[in-house]
Amino acid sequence: MFLRNMGIIPGKAPTGSDKGGPRSTTNLSRRSFVAGSGLFVVGVTLAGCSNYVEPDIDANAFDLPNPGDSPLTQVAGGDASPALWIAIDEDGAVKITCHRSEMGQQVWTSMAQIVADELEADWDRVEIVQAEGHERYGDQNTDGSRSVRYNFHRLRVAGAAMRKMLTDAAALYWGMDPSECSAAEGLVSNSQNSDTLSYGNLAELAARLPVPAEDDISLKKPGEWRFINKEIPSLTIPLITRGQGTFGIDVDRPDMVYAVVARPPQVFGRVGRVDDAAALAVPGVLQTVRLRDAKPPALFQPMGGIAVIARDTWAAIQGRNALDVQWIDGPNAGYDSISFAEAMKRTARRPGTVRRERGNVRAGIARAAQVVEAEYYAPHLSQSPMEPPSATAHWTDDKLECWACVQDPQTTRQTLADLLEIDKENITVNATWLGGAFGRKSKPDFVVEAALIAKEVGKPVKVTWTREDEVRHGFYHSASAQRLEAGLDADGKCTSYLHRTVFPPIASTFADGMATPTDGEMGLGATDVPFAMPNLRVESGDAKGHLRIGWLRSVANIYHAFAVQSFAAELAHAAGRDQKDYLLELIGGARTFDPGEEGATYPNYDASIEDYPIETGRLSNVVEKAAEMARWGRDLPSGHGLGIAVHRSFLSYIATVIEVSVSPEGMLAIPGIWLAVDAGTVVNPRHARAQMEGGTIYGLSNALYGEITARKGAVVQDNFPSWRVLRMGEAPRDFEVTIVQSNTRPAGIGEPATPPAAPALTNAIFNATGHRIRTLPIIGATGSRLKLPETQTA
Amino acid sequence: MAKTLKINGKTETVDAAPGTPLLWVLRDHLKMTGTKFGCGIAQCGACTVHIDGTPTRSCVLPHDSLEGSEITTIEGVEGDAANLIRQVWVENDVPQCGYCQSGQIMAATALLAENSDPTDADIDAAMSGNICRCATYMSIRRAIKTAASRA
């Protein structure tokens, strides 16, 4: 089919039954093509004008100068050239390129909403083309809850520019002034008569017109939005309900074989003697491939080991079970996470490195009428998306093509180029759908594995990680020990606050021996603490990494919010005050502040502090809203408690109230959760609510059950019984979300609900039972579900 | 060694090693990838199919034990309960990433076919074997109740 395309085809066209390529949605058209006539009948919009037949525009009939280069390559956020983002078929299909990875946050839908709104597209004709990994798209790293924030403006500009070009094309065809023409729902109409021209018909002529400059483009006002801030249904879900759509693990290539890898139990362990005779005797096993040993720093390199290649995944797994491998200990063989936790706690009791300071905390505490001290510990966690890592690689001569569930296809491409020592131009990385990610799939080690193995095998190879592989060989959320101290005056008012945090930094994965928490991690809930007391100090303590440490949904915010928001409730208790009231007092009056003015190096989620200031009024507002939703202060049945926590992360403000009930036998239930979020402009409130629920439950699952431990350097847990996660029966009965209506700059949605979940829960348990939980997980992997340990209900 | 299986009403001949679980026969041999791998030990429910109408974990189910059985997967599940579940799943945007949802839909369809008015406890019992890391649990519960109100 002839494609009337805006210059280039962004990404790749859908590939039909070929499961290698990125997929596109196919929506049914409201318009029908009249076979053989070459004409479109526009039935819906032109009801009442039944004699009008849209003329077929011949773009070649217009003598137009070369349109020149796009002036929109450098708008705020990056390249907004329509050719990069939008292609319109002659049949009217509007193909929007999504350069971010779809992992359940509905980024296909939200990116399309932004473009289609300004484009005035007919939503039913919108299709998605998933971009490959390439610099032309700008940042593609789908983490940090920033897809909308980074791209909102430039995608609006791209859509509006395309709308103007289509409108100008119609004006040219009709011989009218563009001001007499306007676009809506995929049609251009004019003020002189009732004729209309459809986008598909106009596309080729529009493509020959110059791209307007940003100053010549008018963006719609929020009141004019038709898709943005509307509950537009997901573009992916109709496919999901039929088992369609291609995840990384679903990729299929002609002549493909299947691989699993036996990896050293410890990070930087090595392969010793190998006997693969029994593995090769397993029916279906084809060969084994020895991977090179990993060397520090970890980066995104594979961890080495032996790959077993077979004609199906099951045979590969059986072959791996039959391998006889002697592993050689590496530098992390001595790592024991339990004793390391004690070492981190000792570090947290000693003065650390000052990362932010106001007033004089020591003097303040010395003068205090009451001193409160508390220590908190949170363990390593695994991201555990339901789809484990999986990647397919295919070499054709010196060219490499990969298909994988990656959060960042660009970094994947660069990593492949670096580690395989080939030119990036010879590498194509196709991002599939991601069956969950939560940070795991921002690390492309598994794609490099597939590429290394495929090179040896000489065929397309799909590497699948089993659940055991995912749990035992991951990039783990850092374990942390924290100590907080505060001084209260005679009225119970907090005058001095000290927070010391100790954890192996993510930087330890990228530079051997790196042990100092980075400014970025400190800015996730520690140095940006919003409290107003006159004396405040935040310190860090060093800890070395012995597992690969990596990002997990909301990252260091998890343990920082747990400690800070638990401690806020502890102070309220010490002062004999209500948790919510005391929290508001700690936050103080409405103001903006910059931690940089008190000595912090504060990245503010890579946003400028002017564009996205820390606004304590927005924090207090969501506290009040969540409390109101939960009817905070109401009479509760015996054994029930309400807990509250508030946290700013990813530039969004979220307060969560959780109600728990604890039976005399220690059985915990969660009757209700109430959450208020202020994330600025929200593109899709329905999907934002889903992220609020999902992010909260993710945090609760970790707080209740999540714990990765290591013995002799090897992770102990292996699959869902020992790495326990929350199930349907433990989910709250009631979950209400309020989204603060706002037209300010959009902020994060995917991650910020996670940090307040754990402290809201433990604060509620305290109010129900009087027991303060300072060590996570609350329950752990053993014992019956939702049964609180006796030590925690006493 | 070839076995004949009846899948979604069609007869399929597969040549996999004895004992190979149905999951991998579906995914790797028949290229029916709607049924997902999640844990391999019948703990997460992502691989749920219907065997003679009963929701069953295909990751631990030897395919060679299934000759003569009616095997139904997400690609082929039809009928009033399946149609209703798909409808409410789409209306409510139940899935997030969608990876576990084939199993969720197979479990919910079987529940609704058997019990047209499930309580919270019935839903918990029928669905607690299906893990969702995106935590669509509340949406699933709401959607099943919506479906039940129309059943």
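Letters go in sequence order (proteins before strands), and every chain restarts at 1.
With a 4.5 angstrom heavy-atom cutoff, A:I232 touches chain B only via backbone atoms. Using a 4.5 Å cut-off between heavy atoms, A:M103 contacts chain B through its backbone alone, with no side-chain atom that close. Of the two parts of B:E78, only the side chain, counted from C-beta on, holds a non-hydrogen atom closer than 4.5 Å to a non-hydrogen atom of chain A. Looking at A:N684, there are no atoms closer than 4.5 Å to chain B (heavy atoms on both sides), in backbone or side chain. With a 4.5 angstrom heavy-atom cutoff, A:W465 touches chain B only via backbone atoms. Heavy-atom distances place no part of B:Q104 under 4.5 Å from chain A, backbone and side chain included. Interface residue B:R142: only side-chain heavy atoms are found under 4.5 Å from chain A. Proximity to chain A is absent for every atom of B:V25, based on heavy atoms less than 4.5 angstrom apart.
A distance-only check finds no donor-acceptor pair linking the side chain of A:R467 to the backbone of B:G40 [under 3.5 Å]. Of the possible polar contacts, none joining the B:S102 side chain to the A:G243 backbone as a donor-acceptor pair under 3.5 Å is found. For B:D93 (side chain) and A:P233 (main-chain N/O), no donor-acceptor pair under 3.5 Å exists by modelled atom type.
The two atoms that bring A:F720 and B:G38 nearest to each other are CE1-O, 4.1 Å, heavy atoms only. Here the closest non-hydrogen pair linking A:A731 and B:R141 is O-NH2, 3.6 Å. Pairing each heavy atom of A:I697 with each of B:M138, the nearest pair is CG1-CE, 3.6 Å. The nearest pair of heavy atoms linking B:C97 to A:G435 is SG-C, 3.4 Å. For the pair A:P283 and B:A17, the tightest heavy-atom approach, listed with the atom from each and the gap, is CB-CB, 4.1 Å. Nearest heavy-atom pair, B:N92 versus A:R686, reported as atom, atom and distance to 0.1 Å: C-NH1, 3.9 Å.
Chain B forms more heavy-atom pairs under 4.5 Å with one residue of A:E231, A:M256, A:K462, A:Q106 than with any other, namely A:Q106. Of all the listed residues (A:S390, A:S701, A:A690), the one sharing the greatest number of non-hydrogen pairs under 4.5 Å with chain B is A:A690. Taking chain B as the reference chain and counting heavy-atom pairs below 4.5 Å, the highest number among A:P238, A:S384, A:G284 is found for A:S384. Note on B:I140, B:I105, B:T35, B:T20: by heavy-atom pairs under 4.5 Å with chain A, the leading option is B:T20. No other option in B:T73, B:V94, B:D120 has as many heavy-atom pairs under 4.5 Å with chain A as B:D120. Contact tally against chain B (heavy-atom pairs below 4.5 Å) for A:Q383, A:E693, A:E468: the top residue is A:E693. Contact tally against chain B (heavy-atom pairs below 4.5 Å) for A:L726, A:I317, A:V471, A:T241: the top residue is A:T241. When each of B:G98, B:S128, B:A121 is checked for heavy-atom pairs under 4.5 Å with chain A, B:S128 comes out on top. If you tally non-hydrogen atom pairs under 4.5 Å between each of A:A437, A:G695, A:P721 and chain B, the highest count goes to A:P721.
Heavy-atom contacts from other residues, nucleotides or ligands closer than 6.0 Å to CD of B:E114 number 12 or fewer. Other residues, nucleotides and ligands place no more than 12 heavy atoms under 6.0 Å from the CG atom of B:D80.
Here the straight-line distance linking atom SG of B:C134 with atom CD of A:Q691 works out to 7.5 Å at 0.5 Å rounding. Interatomic distance, OG1 of A:T236 versus CD of B:Q101, reported as 10.0 Å (0.5 Å rounding). Going from atom OH of B:Y99 over to atom CG of A:L434 covers 11.5 Å, rounded to the nearest 0.5 Å. Interatomic distance, A:R440 CZ to B:R133 CZ, rounded to the nearest 0.5 Å: 13.5 Å. Atom CD of A:E102 is separated from atom CD of B:Q96 by 10.0 Å, given to the nearest 0.5 angstrom. Atoms OG1 and CD, from B:T33 and A:Q244 in turn, are 10.0 Å apart once rounded to the nearest 0.5 Å.
Counting heavy atoms from C-beta on, the side chains of B:I123 and A:M728 come closer than 4.5 Å. Using a 4.5 Å heavy-atom cutoff, the side chains of B:D28 and A:W314 are not in contact. Residues B:F37 and A:T466 form a side-chain contact, since some pair of their non-hydrogen atoms from C-beta on lies under 4.5 Å apart. With contacts defined as side-chain heavy-atom distances shorter than 4.5 Å, the pair A:R242/B:R86 qualifies.
Screening A:R785, A:R727, A:R733 against B:D124 for a salt bridge (charged side-chain N to carboxylate O under 4.0 Å, His left out) leaves a single residue, A:R733.
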request  = Could you check A:D312 against B:H29 for side chain to side chain contact (heavy atoms under 4.5 Å, CB included), going step by step and ending with a plain yes or no?
outcome  = CA-CA 7 Å; A:D312 63 37; B:H29 290 257; 2.6 Å; yes

inquiry  = Assess the residue pair B:W89 and A:I240 against the criterion (side chain to side chain contact (heavy atoms under 4.5 Å, CB included)); give the C-alpha distance rounded to whole Å, side-chain angles, the decisive distance to 0.1 Å, and a yes or no.
reply    = CA-CA 10 Å; B:W89 247 240; A:I240 288 167; over 6 Å; no

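Checked for salt-bridge contact, B:K36 and A:D250 meet the test: a charged N lies under 4.0 Å from a carboxylate O.
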